[in-house]
Amino acid sequence: MEPASRRFAQVSDSPVHATARGTAHRIANEVSPLGQHTLDRIGNTPLLRLPRVVSEHPGVELLGKAEWFNPGGSVKDRAAANIIATARRNGQLQPGKILLDSTSGNTGIAYAMIGAALDIPVTLCMPENVSVERKRILHAYGANIIYTDPADGSDGAIRMARELAAKHPDLYFYADQYSNDANWRAHYHGTANEIWQQTEGRITHFVSMLGTSGTFVGTARRLKELNPHIRCVSLQPDAPFHGIEGAKHMPSAIVPRIYDASLADANLEISTEASYAMVKRLAREEGLLVGISAAAAVVGCLQIARQLKKSEPAVLVTILCDSGDKYLSERFWEEG
Amino acid sequence: MKILIPTPLRQYSDKQPAVEVEATTVGEALSGLVARHPDLRRHLYTEDGKLRAFVNVYLNDEDVRYLQKEATQVRDSDTISIVPSIAGGR
């Protein structure tokens, strides 16, 4: 690679630029800028093989979408980007309006990052007990945070956002990730087609944790169109009181409007402790330091692998929502 | 003393948002709570009787992890809160 100064010198010495300045100026305006915008890096994440954790099930391939490759560090960049793009297109999010939503973390980080890049002010309602790392990341991106009672969990944050939106409709665009169709459509148009192409259509099972349910609903809906035989399995915590970041125990929570239970061929329950153990196992056996819900998804995949008939070939694909760096202060690292 | 029950666990405490118990330590208070509402036990403790890793217990505003954990002394006027370390929903 030659030094930049030399390359610039060559350009200005070129006879074309020296003799036809006007043409050169026009060309400069038409040439696309160098590099990529950070928001262009949302989606098209790698599909990683997890060979060692699935090694006792010959014939089963386990693959995970490495969603921490998104610029905001999680799968939620996809939904947030599509929610914002759709709202700007249809005039709901005009200049001067503040984007408002409730979130316990990753969606908030995605909104805050995109908002910073596009000059959109962002206000987030979140339970006060979210991890310190998340609070600091949101602060770094310049988002305004309203904390809600930890005892009420994410439902308390939802209620607060609804209240604010109803009180100040002219001030806020209430993005409402739990009800916004742009959430699941991000996965319908993006994640699902990526998985289809990356597996060359060989996917047999799609497995995903339920939070807003956007990832599961959008991806499953599209995959079923591409091949109705793909089994779509949703996962949720095994109890209302759990430690699986971002996941929702549907029977005890405010059920998201976009949730469509009919897309699931099966629904499995995952324990927090099994997820914690899998976080450690994936780090030590696969060299993958993932977050708790990503590990929970792998726990679900192994449950499915165990239920398969012996040596039945299967291509299991799941979503690894984020990496483990936001959970390093969790107590489970010190125990067990 | 008073123990505050988080919303997702109130279905196991007869819908009560707070439970009064008599205790001299945090451990005793929590034992008193699960003795009165046995359905809470599996949500708070592992099978070998340890507090689950994501269950945080606060004495007034302090995480008991940074006090003397379950041996932390309590008074009648104190309040214990049970809070999951991370919240559900995204």
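Below, chains carry the letters A, B, ... as their sequence lines are ordered, and counting in each starts from 1.
- With a 4.5 angstrom heavy-atom cutoff, B/Thr46 touches chain A only via side-chain atoms.
- In this structure, A/Lys248 fails the cation-pi test against A/Tyr259, since its NZ or CZ atom is not both closer than 6.0 Å to the six-membered ring centre and inside 45 degrees of the ring normal.
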Subject >> Trace of the ring-ring contact (aromatic ring centres under 6.0 Å, His included) decision for B/Tyr12 with B/His43 >> reply: CA-CA 9 Å; B/Tyr12 310 109; B/His43 294 285; 4.2 Å; yes

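- For chain A, the nearby part of B/Arg65 is the side chain; its heavy atoms alone come within less than 4.5 Å.
- Under a 4.0 Å N-O distance rule, the pair A/Glu67/A/Arg78 qualifies as a salt bridge.
- Contact annotation for B/Leu44: only side-chain heavy atoms (C-beta onward) come within less than 4.5 Å of a heavy atom of chain A.
- From B/Leu59, atom CG reaches atom OG of B/Ser81 across 8.5 Å, with rounding to the nearest 0.5 Å.
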